[in-house]
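Take a look at the structure set out below.
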Amino acid sequence: MFRAVLRNNRHMSIVKINVLTVPEEQRETLEQRFAARAGAVEGSDGFEWFELLRPVEGIDTYLVYTRWRSEEDFQRWMEGRAQAAHGGEGAQGDRPKPAATGATLWSFEVVQQTGPQQA
C-alpha cells in the first residue's frame, strides 16, 4: 500500500504537529478527551492521518500528529469542525479546563515518503 512517492514537488501532503505540554496529573484526562472525540476528524475532506503520541522519556510533551492533503484542507477543518471538536461552541464556562498547559503548532510539507514493501 505504501511506496516511495514524490509528486513533482507539488501538492504534497502537509503535516501539522500540535506540541502539547501536559502535566503528569492531566495525562489521563487528555487521552480520554481525545478518545471521546474519536471520529471527529476522519470524515473531513483532505484528512489523511492522525496519531496521538504519548511521551515515554520523562518529558511532559505530547505530540498530536495530523496529515492533510493540503494546507487549505487543514484550514477549512480548523475553521469548521475543529472549533466544534475543541469546544468552540457554547459559553467559555461550559468548557472543561484544558488538560495542556501550553501548545505550539508545527507545520511541515511532505517531501518524500515510504513504507513497508509489499510481499
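Residue numbers start at 1 and run along the sequence shown.
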Nearest heavy-atom pair of [X] and [Y]: which atoms, and what distance?
X   : Y   : value
L52 : V64 : CD1-CG2, 3.8 Å
P96 : R33 : CB-NH2, 3.3 Å
D73 : G46 : OD2-CA, 3.5 Å
A99 : P23 : O-CD, 3.6 Å

Hphob cluster co-occupancy, V22 + L105, side-chain heavy atoms under 4.5 angstrom: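 V22 clusters together with L105.
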
Nearest-0.5 Å distance, [atom1] of residue [X] to [atom2] of residue [Y]:
X   : Y    : atom1 : atom2 : result
L63 : T104 : CG    : OG1   : 10.5 Å
S44 : R69  : OG    : CZ    : 10.5 Å
L20 : Q26  : CG    : CD    : 12.0 Å

Side chain to side chain, I14 and S107, heavy atoms closer than 4.5 Å: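 Heavy-atom side-chain distance check fails, nothing below 4.5 Å.
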
Flag side-chain contact, heavy atom, 4.5 Å: W106 against K16: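 No - every pair of side-chain heavy atoms lies 4.5 Å or more apart.
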
F74 six-ring face occupied by R76 cation (under 6.0 Å, within 45°):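 Not flagged: R76 not positioned over aromatic ring of F74.
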
Expected output: side-chain E31 to main-chain E28 donor-acceptor under 3.5 Å: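 No, because the side chain of E31 does not come within donor-acceptor range (under 3.5 Å) of the backbone of E28.
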
Salt-bridge contact R27-D60 (side-chain N to carboxylate O under 4.0 Å):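 Looking at D60 together with R27, the answer is no, because their closest N to O distance does not fall below 4.0 Å.
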
Candidates F47, F108, F50, W49 - the one meeting ring pair (Phe, Tyr, Trp, His ring centres under 6.0 Å) with W68: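 One option only clears the test, and that one is F47.
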
Option among E48, E51, E109 that satisfies the salt bridge (charged side-chain N to carboxylate O under 4.0 Å, His left out) test with R67: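 That would be E48.
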
